[in-house]
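Report on one structure; see the data block that follows.
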Amino acid sequence: MAEPEDYGARDRPHVSIDTFREVTQYSFPKRSQQRKPLRSDYAMHSRALFDQLSRALGSLPAPADDLRLQVAGLKPGTVVELSTLPPAEASRSKAAKVPATLEFPAQDIVVLRTDRKDDRTESALLFVPDEARGYLRDRIAEYGRDPGNAPRPDVDRFEVVETITAAPTRSLFVGAVDFGAQELVWWEIWILGGPGRAERVAVVARGANLDVHADRLLFPDMTVLFVHAAAGALGAFAERVPGAISEVRRATGTIEAFLDRGGSGLGQHDWVAELAERVVAAPDAAPVVCTLDTGVAADHPLIVPGLKGAWSYDAAWGTDDHAPDGGHGTALAGIVLYGDLDPHMNGTTTVPLTHGVESMKLLPPRGFPATKPPSYGVVTQGAVAQVEIERPGVKRAFCLATSTTDFPPSRPSSWSGALDQVAAGSMPGDAADGVPASDAPKRLVLVATGNVSGGPKVDVVQSQPLEDPSQSWNALTIGGFTRKEPVPTPPPALEPVVPANHRSPFSRGSQSLPDDLTPIKPEVLFEAGNMMSDETGFCGWHQAASLLAPGSAVAVEPLVPFWATSAAAGLAGNFVGQLQAALPELWPETHRALTVDSAAWPQPIRKQLIGRGAHWKTGSKAKKQQILREVGYGVPDVGRAILSVRNEATMVAQAEIQPFAVGADGRTGVYNEMHFYDLPWPKAALERLENEIVMMKVTLSYFIEPNLTGRAATRPDTYRSFGLRFAMKKRGETAVAFRARVNAAQESDGSAAETETDYWLLGPKAVQAGSLHCDLWRGYAIDLAGHDSIAIYPVGGWWKSHIGQRRMEDRGRYALVISISAAGQAVDLHAEVANLVQVKEVEALIG
């Protein structure tokens, strides 16, 4: 009897669809100019703003009484605070935003920073030079006059503004600050403008007896200085240089050892020796994953076969693993090489390594002084640069399993921004002059969400926000789930906190963060272990619910338990190492996209999203996004990331795109390229399946260059260099209608509602922030057959809007992954797709 055909064998290569790409130019759609007024009496509103502005500015000081310090190139002026009108009670708007047009650059009236309030209003700190006071008053007065049949002037600037008040110096400081504290601490001073202005501010600060460090973090419109001072002294200085400082943040200090675990080790030396005999090292040219951590025990028998290099940010620190109680960097490196050691210890087969590991000690050992400045961003970028100098030309990813609670994750930090620069290849020295952004060195960065500590179960199981820098847009943020569900112990009784295949109680998420301003984080989950709870409900780690890893005390304890999102990040490194080894020709952006594409939710989580029949579970898309902000897109499958199957075809495109161009006036940026793919769609196979349920997953991945302006917290388009979106052709929609719809979506950031969003898990309104966008379509095969075209198009970014940077004609790049799954069905989707690609390639070859 013949064996049935296996349509689920993972033995088919992914299909490149690059030949199906058509590059077109953006054309401006005609839009209605009608708008609903926000004010019933503009004259009264104008008078109110005029009076508020006058009070906020106050009187100009007499020259003899003017205590303001002169900064070369900065006009003397005053900072005021504006707040917007709250949205109507019934409004579904996320917030009333500070107008992007609020500034008057020709008058040097500029927004220093913006902020989102809990009542859905936004505030802005506006710098008004002394000589521009009259100009701003006149514009407000003109806004209130009756324009007759002409458009009301500056309505886009002032209509939404509700209040204008004086801005005390403390408004520049982020977070709670005790200005009476005498302690000297490090601060981040954010200076609007380039390094030239920052250096001029530094000179003035040193003249005011402040200790300014020589190191800088450089972003396109912002330079970060580091100052060692008491809060009061720094506040007094900030008050004397209005307009020079956009914001002040407490600089994060040295990361202390973050493992405090007891208990005896699990390992035995003969176990280690036996496994080491079965290990086969990876080839010399194999890719590597570089851990940025506490060092490594380079002589560990399980580390030796895979270790390609070990260094430290400061040579005086040494390269050994200094973390107490069995180390941390050694365990992380071991998980990167092997994954969880438990199955290997219980096996007898050969263990071939597909990739290597490097160790860069990022954290100082105890007894060494803190790095100066104590900036994670400076240290991380310096560490990455050192590794690449030591071993240039190596295909590598970076793994960071350390985080801090020093800064809220609801906005970019200097550390998360520095990670975004690492990934995008926009660190200082990454790209030579004249080299387009698309040719800068791109890097895949893995970062853990940070951990929930033990404590009462009622607190532990609640959603808790990410830790800095895991809000990084470009990094692949790793959360945790667990399959570890040990049998409850006899008295004193301990029980697992969550059942198997649930989110690990150690893992954090982005559920509490503004969904229009922050990306969906984490994107994926890996095993992080479970917590155990005692009879009082107190939860904590336990070795029985942890992973097994190499320990740093080789002679005493060569095997140790390892847990939480550090372990999950190590497993992500192991995954990426395998993926890069199997598909070395693909970009880091593509490896990130394939990791997310390969992910699936464990069944208990899947039940929260997938209902009966062809549809998603009932409930709002906002609720579904909230679920994803805890569990991401699921648990990746390395086999699925590397290969397709017959009834599950994965299509991959890699492309460069010029999102913007210089407009006809020679001064402003305009939208430029859009990419359309008439896809090699398996229509015949889908039509044969008819009413069988199928799934499509679309993942778009690119790296943005960050710009830490003061408005980055509330306007994602000012933080990213460029944004991309995807749109799928609807069933029965003509090609002309599809392209017209994409043109119209471009100006609105792709957030327009669509009539078919019920087939999508999230829909287009969910796409706001971030540089990875993923959505899933679930429905009947006959319906999916009509979705045979996709568009990739740009939305705004600072390359377009910040003319002075002269980046309007720069090129970015992206990876697009589309997978169609008819799991369990005897259908060969892959063959139909591959045949259509072959036909297209032959046509292109013929001409």
Side-chain angles (χ1 to χ4, degrees), residues 53 56-82 98 102-114 124-137 139 164 166-174 187-214 216-227 229 233-249 414 707-712 718 798 801-806:
L53 176 65
L57 290 172
S59 302
L60 286 174
D65 299 327
D66 194 348
L67 300 179
R68 293 176 295 186
L69 300 173
Q70 285 195 337
V71 177
L74 178 68
K75 298 174 181 178
T78 305
V79 179
V80 298
E81 184 169 4
L82 294 81
V98 170
L102 188 60
E103 300 176 312
F104 296 91
Q107 300 292 321
D108 292 324
I109 299 174
V110 296
V111 171
L112 299 179
R113 59 173 286 202
T114 57
L125 296 181
L126 188 72
F127 173 65
V128 183
D130 293 347
E131 63 184 45
R133 289 181 170 205
Y135 177 86
L136 184 57
R137 289 192 185 103
R139 294 297 290 257
I164 304 175
T169 301
R170 65 176 179 270
S171 61
L172 292 173
F173 286 72
V174 176
W187 302 89
E188 293 180 1
I189 311 300
W190 290 42
I191 307 296
L192 186 64
R197 170 174 284 189
E199 185 55 39
R200 293 191 291 272
V201 174
V203 168
V204 174
R206 292 190 184 103
N209 297 317
L210 294 180
D211 180 9
V212 183
H213 198 275
R216 309 281 188 268
L217 277 176
L218 305 177
F219 298 93
D221 284 334
M222 191 72 68
T223 302
V224 181
L225 299 178
F226 299 93
V227 176
L234 183 58
F237 172 73
E239 189 171 8
R240 298 183 67 189
V241 287
I245 297 173
S246 289
E247 59 185 84
V248 182
R249 304 181 181 185
S414 61
N707 190 6
L708 282 178
T709 69
R711 288 174 290 178
T718 68
W798 62 261
S801 58
H802 293 209
I803 303 165
Q805 294 294 331
R806 299 183 180 179

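Note that the numbering runs from 1 along the sequence shown for the chain.
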**Message:** Is it the case that the side chain of R68 and the backbone of G77 share a donor-acceptor pair, with hydrogens and angles ignored and the cut-off at 3.5 Å?
**Reply:**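 It does hold such a pair.
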
**Request:** Determine yes or no for a side-chain-to-main-chain donor-acceptor pair under 3.5 angstrom, with T223 supplying the side chain and G193 the backbone.
**Result:**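 It does hold such a pair.
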
Side-chain contact test, heavy atoms from C-beta onward, threshold under 4.5 Å: evaluate it for [X] versus [Y] and give yes or no.
{"X": "L217", "Y": "M222", "result": "no"}
{"X": "L136", "Y": "I109", "result": "yes"}
{"X": "L192", "Y": "V110", "result": "yes"}
{"X": "I191", "Y": "S246", "result": "no"}
{"X": "I164", "Y": "E81", "result": "no"}

Nearest 0.5 angstrom please: [X] [atom1] to [Y] [atom2], how far?
{"X": "I245", "Y": "W190", "atom1": "CD1", "atom2": "CH2", "answer": "13.5 Å"}
{"X": "F226", "Y": "W187", "atom1": "CZ", "atom2": "CH2", "answer": "14.0 Å"}
{"X": "T718", "Y": "R711", "atom1": "OG1", "atom2": "CZ", "answer": "6.0 Å"}
{"X": "I189", "Y": "L172", "atom1": "CD1", "atom2": "CG", "answer": "9.5 Å"}
{"X": "E247", "Y": "L112", "atom1": "CD", "atom2": "CG", "answer": "9.5 Å"}
{"X": "T114", "Y": "L126", "atom1": "OG1", "atom2": "CG", "answer": "12.0 Å"}

Requested in this report: Show your working on salt bridge (charged side-chain N to carboxylate O under 4.0 Å, His left out) between R216 and E199 and close with a plain yes or no.
Outcome: CA-CA 10 Å; R216 309 281 188 268; E199 185 55 39; 2.7 Å; yes

Non-hydrogen atoms of [X] and [Y] that approach each other most closely:
{"X": "V212", "Y": "A205", "value": "CG2-CB, 3.7 Å"}
{"X": "A167", "Y": "L125", "value": "CB-CD2, 3.9 Å"}
{"X": "L57", "Y": "R137", "value": "CD1-NH2, 4.1 Å"}
{"X": "V224", "Y": "E188", "value": "CG1-CB, 3.9 Å"}
{"X": "R113", "Y": "F173", "value": "NH1-O, 4.1 Å"}
{"X": "A56", "Y": "A166", "value": "CB-N, 3.5 Å"}

Answer yes if the side chains of Q805 and D221 hold a donor-acceptor pair under 3.5 Å, and no otherwise.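 A pair is found: one side chain offers a donor N or O, the other an acceptor, under 3.5 Å apart.
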
| message | What I want to check is whether the side chains of T78 and R133 have a donor and an acceptor closer together than 3.5 Å. | response |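 Yes, because at least one side-chain N or O of T78 sits under 3.5 Å from a partner of the opposite role on R133.
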
Inset, instruction - List the steps, then state whether salt bridge (charged side-chain N to carboxylate O under 4.0 Å, His left out) holds for R170 with E239. - result: CA-CA 9 Å; R170 65 176 179 270; E239 189 171 8; over 6 Å; no

Derivation and outcome, side chain to side chain contact (heavy atoms under 4.5 Å, CB included), residues L210 and F237 | CA-CA 9 Å; L210 294 180; F237 172 73; 3.6 Å; yes

